[in-house]
Amino acid sequence: MPPGDVDAVFFALSDPTRRDLMRHLSEEGPTTASELAERLPITRQAIAKHLAALEGAGLVASRTDGRRRSYRITPRPLTEAMDWMVLVGAEWDERLDALRGLLERRRRPSDA
Amino acid sequence: MIDVNESAGERVRREMVLPASPVDVWEAVTTPTLVGAWLGDVIELDPRPGGRVTVRASDGSTLRGRVEAAEPGRRLALRWRRVDPLSSGSPRVGAPLAGAATKVVFELEPTDAGTLLTVTEERVDLVASVGTKEAS
């Protein structure tokens, strides 16, 4: 996989909402943006934007059947190792942000 | 802000400058009530070599393992394995995480702004399988 594509994949999966969408699509198979909007606490417009980002990275593909446009997971361009790094890396980003927040809150009382 | 993002091989590394002394950061990564604020619900955490660690992550999976090394204020190393209650169902994006044994190292270094925390997590199940099966 060319380096640019790898970057696109990492970027696409760096967002928790997009990871959620990947989870839904992998669990439920081909799904439309409207169907996803019924299950997730975000607007259909936001979902369409995230799906476009995932499609741009080659992680999902869309198919139009009449007026219905459904999205599905593509055969994985990721190796298992990349999956692991993307997911574990994203977990640590979230944890460290929370840790920083905790330390800032604990410091604040004496500063304020 | 993340200062360095590096993901090479089967290893993830993150660095972050935290606005607290190494002593305070150590407390935040080893005290169960504080760890609950950033890692997950702590079921057990004994920050001494050989001490048990069990944490329930926000996604419902459990991280279970043991502390390998602890130098208060400087370095904490542990090994854990993700026990994922959902992994028996349909394959999902997170599936590669289930069951993987990893080594996690926290390194703390004092800086002018506070503490430079470096976290590395690497897979150990693929390298040398020690054959440890933690009792559940």
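All values below come from the heavy atoms of this structure, side chains included, with hydrogens, waters and symmetry mates left out. Throughout, protein chains are lettered first and strands after them, A, B, ... in sequence-line order, and every chain is numbered starting at 1.
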**Atom group of L117(B) that falls short of 4.5 Å from chain A, counting heavy atoms** = side chain

**Prompt:** Measuring heavy-atom distances to chain A, does V29(B) have an atom under 4.5 Å in its side chain, in its backbone, in both, or in neither?
**Reply:** side chain

**Prompt:** Under the criterion side-chain contact (heavy atoms from CB on, under 4.5 Å), which of R18(A), R72(A), E55(A) is the partner of V60(A)?
**Reply:** E55(A)

**Request:** Under 4.5 Å heavy-atom distance to chain B, tell me which part of L102(A) shows up: side chain, backbone, both or neither.
**Result:** side chain

**Prompt:** Any idea which heavy atoms bring G114(B) and P22(B) closest together, and the distance?
**Reply:** O-CD, 4.3 Å

**Request:** Give a yes or no on whether a salt bridge exists between E107(B) and R13(B), defined as a side-chain N under 4.0 angstrom from a carboxylate O.
**Result:** no

**Item:** Heavy-atom check, side chain of T120(B) versus side chain of K103(B), under 4.5 Å
**Value:** no

**Request:** Among the options L18(B), D24(B), V25(B), pick out the one with the most heavy-atom pairs lying under 4.5 Å from chain A.
**Result:** L18(B)

**Prompt:** Which region of A37(B), side chain (C-beta onward) or backbone (N, CA, C, O), has a non-hydrogen atom less than 4.5 Å from a non-hydrogen atom of chain A, or is it both or neither?
**Reply:** both

**Request:** Classify the ring geometry between W38(B) and F106(B) as parallel (under 30°), tilted (30 to 60°) or perpendicular (over 60°).
**Result:** perpendicular

